[in-house]
Amino acid sequence: MSSPKFDLLKPPEEGSAIRPADGRLDVPHDPIIPYIEGDGIGPEVVSAARRVLDGALEMTYGGRRRIAWFKVKAGREAEEDYGELLPEDVFKALRHYVVALKGPLTTPIGGGYRSLNVALRQTLDLYANVRPIFWIPEVPSPLKEPWKVDLVVFREATEDVYAGIEWSPGSGETRKVREFLEKEFGVRIRDDAGLGVKPISEFASKRLVRKAIAYALDKDRRSVTLMHKGNIMKFTEGAFMQWGYEVASEEFGNRVVKESDLWERFDGKMPEGRLLIKDRLADNMFQQLLTRTDEYDIIATTNLNGDYISDAAAGLVGGLGVAPGANIGDYLALFEPIHGSAPKYAGQNKVNPSAEILAGAMLLEYIGWDEAANLVKEGVKKAIEAKEVTYDLARKIETASRVGTQEFAERVIKGMGT
Ligand code: NAP
């Protein structure tokens with residue numbers, strides 16, 4: 001497939017495109033990877049992450065594998081240079097090159113896009129928001145046993161109350177919907193209520209759970225928990241759970257075991273090499289994450305539950321500066337930190353680049369370069385263990401010495417070599 005014609009961007013002359021192939025990716029030894037630096041602290045953390053990734057690749061593969069980086073402007077930088085926050089070329093580049101690294105983008109206040117991030121996710125149909133949550137030794141945590149946290153949350157990202165189907169109190173739309181509900185179904189809603197719609201479809205639920213189970217099997221994880229509030233919202237949250245179990249049994253057969261079958265068929269003992277599929281009510285899930293932390297592994301859930309649980313879980317292991325994430329579609333994947341553009345710290349070489357660096361490690365794993373990904377994670381761990389950290393961690397770790405963003409990246413690179 002030849003490169004698309006770009007109006008504004010210029011891809012690198014070296015390197016080749018990753019190609020989707022029968023449910024997997026065909027990755028060349030020199031993939032072209034677009035990167036969006038983003039706004040605020042974005043350029044600093046992205047440059048730190050690229051340095052670390054390049055270092056890890058050199059150390060792991062000695063030049064046999066490398067990334068051909070392709071700078072793609074979006075956000076404030078694109079607006080200044082091209083007069084648009086998200087030019088069509090950005091979408092073209094991401095569609096063609098399939099896998100990309102991204103810094104945070106500021107959400108413009110006022111007209112235009114609701115959020116550039118939402119626009120990217122919706123236009124590219126990046127339906128799975130994936131957040132690995134694990135503890136790094138020395139990072140302050142409110143838990144007594146933070147080492148027990150090792151989760152990956154798969155959050156459905158296109159539906160639920162986030163679909164944006166809402167009408168304000170007193171509006172003509174709200175009145176019409178209210179009258180319709182009363183006339184057709186005898187449902188009474190107060191005159192001064194706002195209204196929202198929560199669509200949860202079989203298609204979107206199944207593709208999300210399918211991705212979570214495939215990931216869990218591929219990475220030899222122990223269980224997938226379907227988190228839902230189906231006791232109250234039976235036909236949305238409850239249906240999500242039902243469809244999740246259907247995908248598990250219809251598509252993964254005897255590679256998985258349902259929790260209900262564990263006692264009935266296997267006397268409570270998990271058969272070797274199989275994946276446990278269970279479900280938990282959302283409220284219980286929050287409690288169990290604190291009280292039975294190590295019983296949870298992969299969590300697959302709807303959009304709103306996923307938003308809450310992933311931030312709560314990230315808080316258990318040190319918060320925003322160290323939490324990476326990804327937005328993934330059938331093949332397309334955009335890796336980014338969970339934090340935003342923190343504009344008040346922009347240009348100060350101050351913030352923690354760990355989340356962006358770990359997002360880069362996720363990217364390497366996604367393209368199958370696991371050895372290099374592990375080296376990056378090891379480097380971050382060693383830098384933090386050595387207590388040479390950025391301000392956010394330095395203020396919480398006794399006896400830590402404080403370093404800047406780029407110096408921290410150097411410590412990570414140093415840590416990878418030892
Ligand atoms: P934020 O940028 O995440 O910053 C909130 C606070 O989190 C910072 O003041 C800082 O806390 C801490 N923090 C964030 N990143 C850090 C890092 N790398 N190292 C250390 N500390 C870090 O959230 P926000 O201020 O609500 O959002 C700013 C803009 O970012 C908004 O326009 C928002 O829409 C956008 N945003 C974008 C994305 C995305 O692109 N995916 C995600 C979220 C938000 P202290 O000051 O307490 O140290």
Side-chain angles (χ1 to χ4, degrees), residues 34-49 52 72-79 85-86 90 94 100-124 126 128-131 136 139-140 153 155 157 162 303 306-308 310-311 314-315 317-328 333-360 362-363 380 383-384 388-397 400 402-409 411-412:
Y35 67 98
I36 294 173
E37 289 189 330
D39 299 318
I41 58 171
E44 298 158 60
V45 292
V46 170
S47 114
V52 170
V72 170
K73 293 182 189 174
R76 193 90 18 104
E77 200 186 10
E79 192 176 34
L85 287 161
L86 260 186
V90 173
L94 300 182
L101 184 69
K102 173 181 168 297
L105 288 165
T106 298
T107 302
I109 297 173
Y113 283 113
R114 201 154 47 114
S115 146
L116 300 182
N117 298 298
V118 173
L120 280 169
R121 276 176 220 151
Q122 285 181 347
T123 311
L124 299 171
L126 305 175
N129 181 253
V130 181
R131 292 189 185 182
I136 299 173
V139 175
V153 178
R155 163 187 169 200
Y162 283 58
N303 208 339
D307 198 2
Y308 293 160
S310 48
D311 266 32
V317 293
L320 290 180
V322 291
N327 298 295
I328 307 182
L334 205 51
F335 296 85
E336 63 180 342
I338 286 177
H339 63 70
S341 56
K344 67 178 174 183
Y345 295 127
Q348 296 176 28
N349 187 38
K350 177 173 174 175
V351 295
N352 191 345
S354 295
E356 187 78 55
I357 294 173
L358 293 169
M362 287 178 79
L363 183 155
V380 172
I384 294 176
E388 295 182 59
V389 289
T390 44
Y391 85 96
D392 51 319
L393 295 180
R395 71 187 169 193
K396 295 188 209 148
I397 303 176
R402 181 172 150 176
V403 297
T405 309
Q406 301 310 325
E407 293 70 34
F408 181 82
R411 301 296 190 283
V412 174

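For ligands, and for the atoms within them, numbers begin at 1 and follow the listed sequence. Both backbone and side-chain heavy atoms feed into the values below; hydrogens, waters and symmetry mates do not. One-based numbering along the sequence shown.
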Report task. Look only at interatomic distance and state if Arg121 has a nitrogen or oxygen under 3.5 Å from any nitrogen or oxygen of ligand 1. Result -> no

Requested in this report: Kindly indicate whether atom 13 (N) of ligand 1 is approached by any protein heavy atom to under 4.0 angstrom.
Outcome: no

Query raised in the report: Checking Asn349 side chain against Gln406 main chain: does a donor-acceptor pair fall under 3.5 Å?
Result: yes

Report task. For atom CZ of Arg131, decide whether the heavy atoms of other residues, nucleotides or ligands shown that lie under 6.0 angstrom number more than 12. Result -> yes

Requested in this report: Mind checking whether Arg395 contacts ligand 1 via backbone (N, CA, C, O), side chain (CB onward), both or neither, at a 4.0 Å heavy-atom cut-off?
Outcome: side chain

**Report entry** Residue portion contacting ligand 1 (non-hydrogen atoms closer than 4.0 Å) for Glu356
**Finding:** neither

**Report entry** Proximal atoms of ligand 1 relative to Asn117 (non-hydrogen, under 4.0 Å)
**Finding:** 37 (C), 38 (C), 39 (C), 40 (O), 41 (N)

Query raised in the report: Which of the numbered atoms in ligand 1 are below 4.0 angstrom from a heavy atom of Lys344?
Result: 9 (O), 46 (O)

Query raised in the report: In this structure, are over 12 heavy atoms from other groups packed under 6.0 Å from Tyr345 atom OH?
Result: yes

Report task. Answer yes or no for atom 24 (P) of ligand 1: protein heavy atom present at a distance under 4.0 Å? Result -> no

Requested in this report: Return the residue, atom name and 0.1 Å-rounded distance of the protein heavy atom closest to atom 35 (C) of ligand 1.
Outcome: Leu105 O, 3.5 Å

Report task. May I ask whether atom 3 (O) of ligand 1 is less than 4.0 Å from at least one protein heavy atom? Result -> yes

Query raised in the report: Any N or O of Ile338 that comes nearer than 3.5 Å to an N or O of ligand 1?
Result: no

Query raised in the report: Of all the atoms in ligand 1, which lie at a distance below 4.0 Å from a heavy atom belonging to Thr106?
Result: 32 (O)

**Report entry** N/O separation below 3.5 Å, Ala342 to ligand 1
**Finding:** yes

Report task. Mind checking whether Asn352 contacts ligand 1 via backbone (N, CA, C, O), side chain (CB onward), both or neither, at a 4.0 Å heavy-atom cut-off? Result -> both

Report summary line: Of Ser354, Gly40, Gly103, Gly340, the residue with the heavy atom nearest atom 27 (O) of ligand 1 is Gly340

Report task. For atom 41 (N) of ligand 1, decide whether some protein heavy-atom distance is shorter than 4.0 Å. Result -> yes

**Report entry** Protein contact of atom 33 (C) of ligand 1 - nearest heavy atom, named by residue and atom, plus distance
**Finding:** Thr107 OG1, 4.0 Å

